[in-house]
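This is the structure I want to talk about, given as structure tokens.
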Amino acid sequence: MSAPPGQSVAVRREMQDEVAVLVLDLPGESVNKLSRAVKDELAERVEALIRDPAVRAVVLISGKADTFVAGADIEEFVALRSAEEAFALSREAHAFLDRVARSPKPIVAAIHGACLGGGLEIALACGYRVATDHPKTVLAAPEVQLGIIPGAGGCNRLPRLVGLPRALDLILSGRNVRGTQAYRMGLVDELVPPPILRDVALAAARRLAAGGAPARRGRRGLGPLLLERNPLGRALVLRRARGMTLKRTRGHYPAPLAAIEAVGYGLAHGVERGMVREAQLFGKLATSEVSRRLVEIFFATTRLKKDPGVDPPAPEPKPVGHLGVIGAGYMGSGIGVVAASRAGVTVRMRDADLPKVGRGLDAAAKVIHEAQRRRQVSWREAERQLALLSGTTDYSGFARAGLVIEAVFEDLEVKRGVLREAEAVIGPDCVFASNTSTIPIARIAEGASRPERVLGMHFFSPVHRMPLLEVIAGEKTAAWATVTAVAFGRRMGKTAIVVRDRPGFFVNRILSPYMNEAGHLMAEGVPIEAIDRAMVGYGFPVGPIGLLDEIGLDVAEKAGRVMHEGYGARFAPAAGLDKLVAAGRLGRKSGAGFFRYRDGKKAGVDPEALAILGLTPRAAPPAAELADRLVCAMLNEAVRALEENVVRSPRDGDIAALFGIGYPPFRGGPYRTLDVLGAGAAVESLERLSARYGDRYSPAALLLDHARTGATFHGRGR
Amino acid sequence: MNAMNGRRVAIVAGVRTAFAKAGTVFGDLRAVDLAKLAARELLERAELDPAEVDAVIFGQVVPSVLVPNVAREVSLLPHFPKNIPAYSLNRACASACQAIASGHDEIALGHADVVLAGGTESLSDIPILHSTRMSRLLTEAAKAKTATAKLATLARVRPRDLVPVTPAIAEPSTGQTMGQSAEKMAKENGISREAQDRYALRSHQLAAAGTADGRLVAEIAPVFLPPSFDTVVTSDNGIRTDTTLDALAKLRPVFDRRYGTVTAGNASPLTDGAAAVVLMSEEKARAEGRELLAFIRSYAVAALDPGEQLLMGPAFAVPVALERAHIGWKELGLVEMHEAFAAQVLSNIQAFESRRWAQERLGRSEPIGEVNWDTLNVMGGSIAIGHPFGATGARIALTLANEMRRRGVQFGLISVCAQGGMGFAMVLER
């Protein structure tokens with residue numbers, strides 16, 4: 001629907017000499033996003049300017065502080081009901097941008113801030129692009145992350161501008177490109193400081209209108225010629241991209257493959273036919289289940305970021321400018337370094353003696369130096385981050401901390417001890433967090449002088465890579481403490497969910513029956529490779545047995561025991577882990593577990609492990625059967641956890657499983673999987689499994705409820 | 001009672017790195033690194049919100065050409081907001097004392113409430129210069145408009161132009177090195193080799209005791225040495241725990257090989273290190289309920305003709321500082337004298353105790369005071385602990401303030417001699 005004529009909604013027109021400046025400035029929004037209405041209005045404006053004899057050239061610029069265009073309006077996108085509708089939408093965008101691209105009057109894009117998705121596609125259609133060198137200026141084509149492809153000409157225009165390999169890289173990774181990089185690869189024609197952006201764009205527009213120098217065309221040389229300008233080289237690049245993509249997505253995600261096809265087709269058959277193909281592929285993907293799941297996850301994480309972690313009215317989080325970490329071991333130093341590098345706070349790490357502190361600082365420095373080696377940070381920034389960390393053997397520097405996280409040995413008395421010591425020095429508003437995976441927070445908080453500021457912050461290992469944080473609110477934990485921990489976890493770049501103080505919290509709670517079931521399968525003689533392959537096939541990044549090796553068999557065994565104690569027979573682990581632990585096989589960290597490791601790489605199942613376990617593998621059952629057994633155990637437990645309010649919502653549970661376990665994103669999370677499958681079908685599966693394998697598969701009451709009433713976990717909406 | 005004008009200023013906390021002989025454990029660290037390490041640990045130990053710091057002042061005697069204002073680099077640590085002004089100063093070996101004095105003045109005047117003052121030096125990281133001719137040729141070449149002209153200029157470089165110039169610790173006005181000046185003082189004041197060696201031995205023994213019982217270690221921030229942080233430097237490495245008078249007597253004089261008495265054993269070594277203190281207005285410190293180490297009661301600086309006895313400055317500064325403090329020498333419970341050379345310490349003590357010197361040089365009828373050896377440099381001094389020029393003053397203030405607290409002493413004196421014929425004295429009070 002277009003705006004009534006003369007009544008501009010989102011686009012402002014300013015004249016400067018004979019150049020028209022179109023200022024995109026969506027009212028009531030903090031960023032510009034593209035809806036059909038905005039697109040129509042923009043198209044109308046451009047059309048009018050092209051016809052206006054007083055106008056010689058056009059500059060397109062944003063009225064928002066730090067966004068050019070942040071992308072398409074996703075709410076509008078998810079409302080698409082059919083492939084035809086989506087195809088039509090894409091073709092409309094093509095028509096508009098074709099008009100822009102073929103405009104007889106030069107149209108210059110002046111880019112400052114985020115220029116993403118559809119925003120980038122508009123810029124690509126313009127005859128000239130000027131961008132600022134400001135760090136906020138990022139260009140990206142993130143469509144595949146939502147299960148779609150650029151559908152407004154991006155698949156066709158991008159490779160023609162920056163070359164095939166770069167275009168594929170941008171579209172397949174969706175990664176952000178800063179101004180300098182964009183300039184170097186020819187994505188933009190000029191790079192300028194923000195204050196002169198408008199003037200430079202105007203000057204460029206005038207120059208082009210006067211028939212001046214055409215846009216800079218960056219890439220020259222033999223490489224591109226050999227690779228992309230001939231069908232053979234092109235086919236080679238495309239084939240390699242397809243191979244790598246298949247390896248990465250294991251066929252679960254159609255969008256990257258479709259993007260490769262769209263790009264390849266456009267180069268082979270020309271822009272016009274290429275655009276049609278792009279629209280067809282876009283249309284097919286736009287309403288696909290995978291895209292729906294990925295968009296749901298996008299919405300869920302976006303909303304989670306704004307969720308304070310407690311029910312309203314939520315208190316304000318206390319400011320944390322200084323962090324105390326007790327225990328400079330693997331977890332402690334990991335927490336410290338992420339707090340310093342991501343949250344930017346000063347970190348005081350304490351351990352029993354100076355060499356331990358030194359090892360912690362070393363581990364932290366290694367994380368920072370790795371980022372420096374990958375050019376994610378400059379050496380100056382690395383030095384700055386390092387300076388934020390300091391170590392001690394006493395509690396000096398703790399009095400000022402807004403948050404203290406202990407990551408000492410997983411032992412109740414040790415943890416109570418450091419809590420007691422810390423409470424003697426920390427201020428009244430300081431939150432005390434225990435990084436534990438197995439010990440109930442309530443037990444740690446017993447005897448605390450202020451139990452209301454004690455909670456759990458369960459980080460996953462390695463801290464600098466794993467995105468999830470479980471904040472465990474104990475019975476006595478005050479809301480202000482919970483929101484402070486959640487807010488700080490987010491500053492550390494973590495996806496934080498608040499969970500109840502029940503054994504295993506949420507992630508280990510639902511992981512445990514799944515791992516146990518893998519153990520049972522193994523005990524039944526199912527080959528380890530078959531179990532892992534089945535789950536990787538289901539979409540997990542690693543199979544359960546491989547995961548045991550990663551976690552550490554000793555850690556897993558201990559956790560298994562705690563869960564068994566906490567929940568009884570349902571969580572009885574299969575025998576075996578203890579035997580391997582006793583044999584000193586602790587998984588990857590000890591160089592051997594269920595698998596062998598050579599040069600740090602997994603080198604197959606170790607026959608020695610099988611011998612210790614007394615296993616003789618038999619023929620493997622079908623993968624689907626294996627996956628069904630394992631996944632059903634996890635899903636059923638997830639429902640029980642929800643019954644007990646271990647997570648605050650199915651949304652939180654889904655996100656926790658995705659980010660904490662690597663639950664396949666295209667399946668949306670355990671609760672989403674159940675919704676898609678239907679509670680009835682899930683109950684049927686569980687009853688069948690229960691008849692064969694026993695009570696541990698008895699369907700959860702809430703699931704039976706849902707099966708009866710037809711209710712879903714996520715309700716009707718998203 | 002405030003003996004000076006303006007608000008009363010307290011030293012609330014202090015810390016230093018260990019002092020290490022140049023070219024040893026801190027060989028890979030720059031002076032700015034040492035300064036930052038000390039400042040970071042100081043913030044932690046003082047439990048000080050970095051945003052409350054109003055100014056940062058650091059002393060450095062041999063600044064790096066690449067980091068000319070080391071204090072500003074400290075105040076640009078990510079701990080601080082970016083808007084904390086900072087400056088570096090050079091009052092030779094009294095630089096860190098001067099940083100404390102200048103910080104005191106800012107607070108006393110009400111221009112600041114909290115000042116981070118200290119000093120740093122790395123004699124492992126001193127600038128090595130090109131010869132004057134070489135510098136000129138390089139400048140000319142850089143200005144040359146054509147490649148040929150550039151080459152022609154550079155072609156004029158002769159091998160001897162390439163010999164680097166290492167800055168010597170010499171008086172520009174007299175050309176005499178510090179050591180030569182100490183030699184001169186020893187001879188003119190009749191300070192024997194044995195007296196010097198005995199003094200040096202005392203310094204080492206007391207510093208060893210102060211290290212063993214933890215008093216010196218308590219003021220030291222452990223330095224985890226990059227890149228792997230597995231070596232932790234927690235104590236000074238110049239202290240010779242087991243040296244003897246015999247061993248000291250065997251050393252050959254360095255500056256006058258035939259008739260000299262000044263040796264490497266009875267002089268302070270070239271040292272790397274940094275030290276810093278937090279200064280705070282009394283009212284703020286009290287409002288925060290802080291435990292105070294000491295107040296700054298008074299200070300004074302003096303200078304004399306470098307052509308006479310170069311390191312006699314303290315004998316001129318001390319009486320003025322005492323006068324400004326409205327106290328007599330006898331009221332001092334502890335005295336910390338910087339030990340550049342044993343000959344210098346003993347020469348100044350001679351002057352302190354001499355009626356004639358007081359009459360002739362100060363125009364006073366009475367001598368400054370008699371030294372009580374039980375209260376002088378009770379944990380040794382720069383000869384044993386080391387002497388990073390820019391940092392020593394803050395080290396001495398810190399050592400003194402800590403010991404005043406331990407002993408419950410009311411008044412303590414700092415005395416530092418400095419290049420250029422200067423002397424610095426400060427009275428601390430509890």
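Everything numeric here is computed off the predicted structure, so don't read it as measured data. To find a chain, count down the sequence lines: A is the first, B the second, and so on, and within it residues start at 1.
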Part of B:T234 lying under 4.5 Å from any heavy atom of chain A: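 Side chain only.
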Does A:R342, at its CZ atom, have more than 12 non-hydrogen atoms belonging to other residues, nucleotides or ligands within less than 6.0 Å?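 It does not: A:R342 CZ has 12 such atoms or fewer within range.
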Contacting region of A:V345 [heavy-atom separation from chain B under 4.5 Å]: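 Nothing of A:V345, per the 4.5 Å heavy-atom cut-off to chain B.
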In residues 317-331 of chain A, which residues are in contact with chain B at a heavy-atom separation under 4.5 Å?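 The residues closer than 4.5 Å to chain B, in numerical order, are A:H322.
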Over 12 non-hydrogen atoms of neighbours within 6.0 angstrom of CG in B:D28: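 No, because the 6.0 Å sphere around CG of B:D28 holds 12 heavy atoms or fewer from other groups.
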Residues of residues 361-373 of chain A within contact distance of chain B, non-hydrogen under 4.5 Å: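 A:L361, A:D362, A:A365, listed by number.
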Below 3.5 Å, can you tabulate the donor-acceptor pairs from side chains in residues 217-228 of chain B to any protein atom, sequence neighbours excluded?
from, atom 1, to, atom 2, distance (Å)
B:E219, OE1, B:T399, OG1, 3.4
B:E219, OE2, B:R16, NE, 2.7
B:E219, OE2, B:R16, NH2, 3.4
B:E219, OE2, B:T399, OG1, 3.0
B:S228, OG, B:D230, OD1, 2.7
B:S228, OG, B:D230, OD2, 3.3

B:R240, CZ: over 12 other non-hydrogen atoms inside 6.0 angstrom: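 Check fails, neighbour count at 12 or below.
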Counting neighbours of NZ on A:K601 that are heavy atoms of other residues, nucleotides or ligands and sit closer than 6.0 Å, is the number greater than 12?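 12 or below, so no.
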Anything in residues 380-402 of chain A with a heavy-atom distance to chain B below 4.5 Å? Please list those residues in order.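 Counting heavy atoms that sit under 4.5 Å from chain B, the residues of residues 380-402 of chain A involved are A:E383, A:R384, A:L386, A:A387, A:L388, A:L389, A:S390, A:G391, A:Y395, A:S396, A:G397, A:F398, A:A399, A:R400.
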Counting heavy atoms not belonging to A:R420, are there more than 12 under 6.0 Å from its CZ?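 Not more than 12 within 6.0 Å, no.
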I'd like to know which of B:L48, B:T231, B:L37 tops the heavy-atom pair count under 4.5 Å against chain A.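 Looking at each option in turn, the highest pair count goes to B:L48.
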In Å, rounded to the nearest 0.5 Å, how long is the span from CZ of A:R348 to CZ of B:R40?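 These two atoms lie 9.5 Å from each other.
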Around atom CZ of B:R72, are there more than 12 heavy atoms from other residues, nucleotides or ligands closer than 6.0 Å?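 For B:R72, atom CZ is crowded (more than 12 foreign heavy atoms under 6.0 Å).
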